Amino acid sequence: MKTIKMLLILLITVVSHTLTAQEVTFDNQSYVVKNKVISLNGKDVSETLTESQKIEIYNLADTKKAEIKAAEEAVKAADKEKRQQEKQAKAEAREVKAQERERKAAEKERKRSEKARKKSEKARQKIEKANAKIEKAESNLEKANAKLEKETKKYQKLEAKGKLSPNDIDKWEGKLEKLRSNITKAEQKLNKLK
């Protein structure tokens, strides 16, 4: 970039220098035209030339001046085009960066929502497991109560009929005590889960 600027400055300097004095070749001689003064090898020869030679040399100088001006304008146009392209490239780069930022933000948001979804799913499953455990504990308590009630009725029935020996009564009381213990354990487990 610096090299291009240096070349442009050099070119403009040379062009501006040549705008003030044009070197033209006429009849195999190099004339320098500056401010309507025609010089040959540094000496003014305007007076020694014929009018038609002067007109021809002036026309050549004007043509050369127009070519130099056209070249200068082409350089300016090329420089302007280059600056425009650089500006466009920067704008496109900014757009790409903005799109990349948006893509990253969307990806981050997607990951965040996925994480939240997984977390809520995990919590839901945990709640379901806890509810299932509570239901199971309640069911176990109901079963234990039902079994105690059934066994108590059976014991009372046998006792009322007098079909129990003292050993049988001890066995039944141990059995009923064990069932009461099971109910207590089931109640404790249920209370612990709630």
Side-chain angles (χ1 to χ4, degrees), residues 1-137 192-194:
M1 186 72 181
K2 287 183 178 180
T3 310
I4 294 172
K5 283 185 180 179
M6 294 298 279
L7 287 174
L8 285 174
I9 291 171
L10 182 64
L11 179 66
I12 290 171
T13 305
V14 169
V15 167
S16 65
H17 177 66
T18 54
L19 282 177
T20 56
Q22 268 64 44
E23 189 174 316
V24 293
T25 305
F26 180 72
D27 290 337
N28 293 328
Q29 299 264 346
S30 272
Y31 294 98
V32 176
V33 178
K34 184 175 183 181
N35 297 332
K36 298 292 180 183
V37 176
I38 302 171
S39 303
L40 178 65
N41 297 329
K43 295 180 183 175
D44 184 5
V45 289
S46 300
E47 301 300 319
T48 60
L49 297 172
T50 65
E51 199 59 39
S52 64
Q53 287 176 325
K54 285 182 187 179
I55 292 172
E56 188 67 32
I57 291 171
Y58 287 143
N59 286 341
L60 288 172
D62 288 342
T63 304
K64 192 160 191 173
K65 192 182 220 183
E67 287 174 1
I68 290 170
K69 193 170 186 177
E72 187 178 81
E73 287 176 6
V75 167
K76 284 182 183 178
D79 187 41
K80 186 176 181 180
E81 178 67 26
K82 184 177 180 188
R83 281 192 307 253
Q84 190 70 22
Q85 287 175 350
E86 286 174 354
K87 199 175 190 180
Q88 179 137 8
K90 285 181 182 178
E92 288 172 0
R94 281 193 301 272
E95 181 66 27
V96 167
K97 282 184 180 180
Q99 288 174 350
E100 184 64 20
R101 278 193 302 271
E102 288 175 10
R103 186 192 63 77
K104 284 182 179 180
E107 180 66 20
K108 192 174 183 180
E109 183 60 33
R110 186 193 63 76
K111 284 181 180 179
R112 187 179 297 127
S113 65
E114 181 64 20
K115 189 175 181 181
R117 186 193 63 75
K118 285 182 179 179
K119 190 175 181 180
S120 66
E121 179 65 23
K122 201 172 188 180
R124 185 189 59 77
Q125 288 175 349
K126 192 174 183 180
I127 290 170
E128 285 178 1
K129 280 184 180 181
N131 286 339
K133 283 182 178 182
I134 290 172
E135 286 177 18
K136 187 174 180 182
K192 192 176 183 181
L193 291 173
K194 287 185 176 182

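Keep in mind that this is a model prediction, so the values were computed, not measured.
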Requested in this report: Mind checking the NZ-CD spacing from K97 to E92? Nearest 0.5 Å is all I need.
Outcome: 13.5 Å
Report task. Supply the atom-to-atom distance L193 CG to K136 NZ, rounded to the nearest 0.5 angstrom. Result -> 11.0 Å
Query raised in the report: Per the side chain to side chain donor-acceptor pair (under 3.5 Å) rule, which among K76, K82, R83 passes with D79?
Result: R83
Requested in this report: Walk me through it: do K64 and E67 pass the test salt bridge (Lys or Arg N to Asp or Glu O under 4.0 Å)?
Outcome: CA-CA 5 Å; K64 192 160 191 173; E67 287 174 1; over 6 Å; no
Report task. State the OG-NZ distance between S120 and K126, to the nearest 0.5 angstrom. Result -> 14.0 Å
Query raised in the report: By side-chain contact (heavy atoms from CB on, under 4.5 Å), which residues pair with Q99, not counting sequence neighbours?
Result: E95
Query raised in the report: Hey, is E109 close enough to R112 for a salt bridge, meaning N to O under 4.0 Å?
Result: yes
Query raised in the report: What's the verdict on side-chain contact (heavy atoms from CB on, under 4.5 Å) for K69 and E73, showing C-alpha distance, side-chain angles and the deciding distance?
Result: CA-CA 6 Å; K69 193 170 186 177; E73 287 176 6; 3.9 Å; yes
Query raised in the report: Do NZ/NE/NH1/NH2 and the carboxylate oxygens of E121 and K118 come within less than 4.0 Å?
Result: no
Query raised in the report: For the atom pair CZ (R103) and NZ (K108), what is the distance rounded to the nearest 0.5 Å?
Result: 13.0 Å
**Report entry** Set of side-chain contact (heavy atoms from CB on, under 4.5 Å) partners for E81, sequence neighbours left out
**Finding:** Q85
Requested in this report: Give a yes or no on whether a salt bridge exists between K104 and E107, defined as a side-chain N under 4.0 angstrom from a carboxylate O.
Outcome: no
